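Step one of this worksheet: look at the structure below.
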Amino acid sequence: MTDRRRRGGDKRSSLLIHRRRLFLIRRLIRGSATAEELINEANTTFTDVPEGIYPADASAALRRDIAALRVEYGCAIERDDDGVYTLKSPGSLALIDLPDHEIEAVAFLLDVYRESDLPIAAPIGTFLARIGALMPEDRQNRLNSLTASPKVERPHAPIDGVAEMMRALKGVLRKREVEFDYCSPHTPDGAALHHRVAPLEFIYREGHTYLDAFCLASDVPELVGQFVFYRLNRIVAGSLRRLPQALRRDYRRPTYALRYRLAPAVARQRDVAKWFPETVIDYAADGSATVTAVTNDLWRAHQILMRYREHCRVIEPAPLIEMMRASIERMAALYLTDAVMQIHEDIL
């Protein structure tokens with residue numbers, strides 16, 4: 001009877017040791033840790049072992065676990081002078097073995113975020129590198145040998161202060177009012193002007209990170225009562241202040257019905273891009289197309305549709321038509337001025 005109890009206890013002990021060692025690998029994948037942190041987190045994690053999964057002599061047991069992982073599975077676990085353990089390689093405990101097409105996807109993402117100015121590009125890169133480190137050596141070699149395809153071309157913009165501003169604003173989005181000074185393009189000299197806003201969310205597009213906000217008060221009167229995109233790098237450092245006022249309502253951008261016609265030159269192949277939500281494309285016999293959709297951002301719609309140049313005519317909404325017309329008139333005046341100056345120079 002005594003021998004059977006001992007054998008049962010030995011089996012349970014072996015299982016607990018196995019669970020402990022797997023936990024150590026999982027924990028070290030997350031990041032480096034001291035012996036004390038590893039032991040405490042292991043004991044906290046295994047709630048089904050009330051007495052703690054590590055025995056009284058926990059430090060010695062941890063050292064045996066680390067040694068076993070090194071010997072039995074080839075795990076490269078280093079301990080620095082401060083007693084911090086770091087997993088350099090999981091050895092034969094490689095936990096992720098991706099098929100070729102998914103390895104190609106990882107190579108593509110690594111290339112996209114390697115030089116990206118997206119504020120969270122660095123942690124994305126670290127995450128992807130961690131995924132690679134958990135692959136068997138032959139799969140890592142394949143990943144390292146790949147050239148990302150297709151290449152993604154994207155603009156690069158200044159990102160000084162963007163991450164810090166995001167951290168400062170993150171806790172108040174859709175919660176409290178804020179105020180700041182902003183280097184506004186609405187002034188001839190780009191001077192910093194004061195704004196009080198209801199901050200809603202962050203938007204990243206084409207190299208810039210914006211704060212989408214509802215303007216409550218501003219030195220630019222025409223912005224008051226409007227939804228505005230504020231570029232984070234244009235908010236004056238040190239001017240941001242959280243206000244005690246909670247947001248008075250749930251601010252939602254208005255939605256506009258959008259309709260525009262594309263000329264045959266860009267539509268006859270019937271491969272028109274769907275830029276907006278709820279897009280429906282009606283192709284005509286002459287090769288043109290009428291596109292209907294919705295948008296809550298007329299400024300963005302204006303930017304996109306201007307790319308079609310003379311091949312696009314906006315039918316609705318009226319505010320977007322006015323924005324398009326104003327831009328066209330200003331561009332025409334700009335180039336007309338250049339032409340007149342050239343004629344004047346030619347005469348001289």
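In this chain, numbering begins with 1 at the start of the sequence shown. Remember, predicted model here, so these are calculated numbers, not experimental data.
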Begin with the C-alpha distance, continue with both residues' side-chain angles, and end with the deciding distance and a verdict on side-chain contact (heavy atoms from CB on, under 4.5 Å) for Val220 and Tyr182. CA-CA 11 Å; Val220 186; Tyr182 186 76; over 6 Å; no
Applying side-chain hydrogen bond (donor to acceptor under 3.5 Å, both in side chains), run through His194 and Asp181 and close with a yes or a no. CA-CA 4 Å; His194 193 71; Asp181 295 331; 3.0 Å; yes
Candidate pair Leu305 and Tyr260, rule side-chain contact (heavy atoms from CB on, under 4.5 Å), full reasoning: CA-CA 9 Å; Leu305 297 182; Tyr260 55 95; 3.7 Å; yes
Output, in order, the C-alpha distance, side-chain angles, deciding distance and verdict of side-chain contact (heavy atoms from CB on, under 4.5 Å) for Arg307 and Trp275. CA-CA 12 Å; Arg307 299 176 184 181; Trp275 291 101; 3.3 Å; yes
When you look at Arg70 and Asp65, which way does the salt bridge (Lys or Arg N to Asp or Glu O under 4.0 Å) test go after all the steps? CA-CA 9 Å; Arg70 289 168 175 156; Asp65 287 344; over 6 Å; no
Chi angles and distances behind the side-chain hydrogen bond (donor to acceptor under 3.5 Å, both in side chains) call for Tyr85, Asp80: CA-CA 7 Å; Tyr85 288 95; Asp80 65 18; over 6 Å; no
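Note that OG of Ser13 is 9.0 Å distant from CZ of Arg20, once rounded to the nearest 0.5 Å. A distance of 7.0 Å separates CZ in Arg234 from NE2 in His208, rounded to the nearest 0.5 Å. How far CZ of Arg174 is from CG of Leu200: 4.5 Å, rounded to the nearest 0.5 Å. Leu258 contributes atom CG, which lies 9.5 Å from atom CD1 of Ile315 (distance to the nearest 0.5 angstrom). Taken to the nearest 0.5 Å, the CG atom of Leu22 stands 15.5 Å off from the CZ atom of Arg27. For the atom pair CD1 of Ile17 and CD1 of Ile53, the computed distance is 9.5 Å after rounding to the nearest 0.5 Å.
The environment of Phe227 atom CZ is dense: over 12 non-hydrogen atoms of other residues, nucleotides or ligands sit within 6.0 angstrom. The environment of CD in Glu137 is sparse: at most 12 heavy-atom neighbours from other residues, nucleotides or ligands sit within 6.0 Å. Other residues, nucleotides and ligands place more than 12 heavy atoms under 6.0 Å from the CD atom of Glu316. No more than 12 heavy atoms of other residues, nucleotides or ligands shown are found within 6.0 angstrom of CE on Met331.
Seen from the ring of Phe127, Arg30 does not count as a face-on cation partner, given the 6.0 Å and 45° thresholds.
Residues Met323 and Leu298 have side chains in contact (heavy-atom distance under 4.5 Å, counting atoms from C-beta outward). In this structure, the side chains of Leu262 and His311 stay at 4.5 Å or more apart for every pair of heavy atoms. Counting heavy atoms from C-beta on, the side chains of Leu24 and Ile66 come closer than 4.5 Å. At least one side-chain heavy atom of Met166 sits under 4.5 Å from a side-chain heavy atom of Leu232. The shortest side-chain heavy-atom distance between Asp212 and Phe229 falls under the 4.5 Å cut-off. Side-chain atoms of Tyr113 and Ile120, non-hydrogen and from C-beta on, never get closer than 4.5 Å to each other. Taking 4.5 Å as the limit, some side-chain heavy atom of Leu134 sits within range of a side-chain heavy atom of Pro90. Between Leu146 and Glu104, the closest side-chain pair of non-hydrogen atoms falls below 4.5 Å.
With Glu37 contributing its side chain and Thr34 its backbone, the two residues share a donor-acceptor pair below 3.5 Å.
Tyr251 and Phe214 have parallel rings, their planes meeting at less than 30° on a 0 to 90° scale where 60° marks the start of perpendicular.
A salt bridge is defined here as a Lys NZ or Arg NE, NH1 or NH2 lying under 4.0 Å from an Asp or Glu carboxylate O, and Arg242 with Glu177 fails to meet this definition. A salt bridge is defined here as a Lys NZ or Arg NE, NH1 or NH2 lying under 4.0 Å from an Asp or Glu carboxylate O, and Asp57 with Arg63 fails to meet this definition. Ion pair Arg252/Asp250 flagged as a salt bridge, since at least one NZ, NE, NH1 or NH2 atom sits closer than 4.0 Å to an Asp/Glu carboxylate oxygen. Using a cutoff of 4.0 Å between basic side-chain nitrogens and carboxylate oxygens, Glu201 and Arg253 are not scored as salt-bridged. Between Arg205 and Asp297, at least one side-chain nitrogen of the basic residue sits less than 4.0 Å from a carboxylate oxygen of the acidic one, meeting the salt-bridge criterion.
Among residue pairs with one or both ends in residues 20-78, those qualifying as ring pair (Phe, Tyr, Trp, His ring centres under 6.0 Å) are Phe23-Phe46; sequence neighbours excluded.
Checked against side chain to side chain contact (heavy atoms under 4.5 Å, CB included), Asn144 has no partners two or more places apart in sequence or in another chain.
Side-chain polar atoms of Ser327 and His302 form a donor-acceptor pair below 3.5 angstrom.
Nearest heavy-atom pair across Leu28 and Ala33 is CD2-N, 4.3 Å. Heavy-atom minimum distance, Ser218 versus Val224: N-CG2, 3.7 Å. In terms of heavy-atom proximity, Arg300 sits nearest to Glu206 at NH1-OE2, 3.4 Å. The heavy-atom pair separating Ile103 from Leu98 by the smallest distance is CD1-O, 3.6 Å. What you find for Arg261 and Asp286 is that their closest heavy atoms are NH2-OD2, 3.5 Å. Taking each heavy atom of Val178 and Leu243 in turn, the nearest pair found is C-CD1, 4.1 Å.
Aromatic ring centres of Tyr230 and Phe180: separated by under 6.0 Å.
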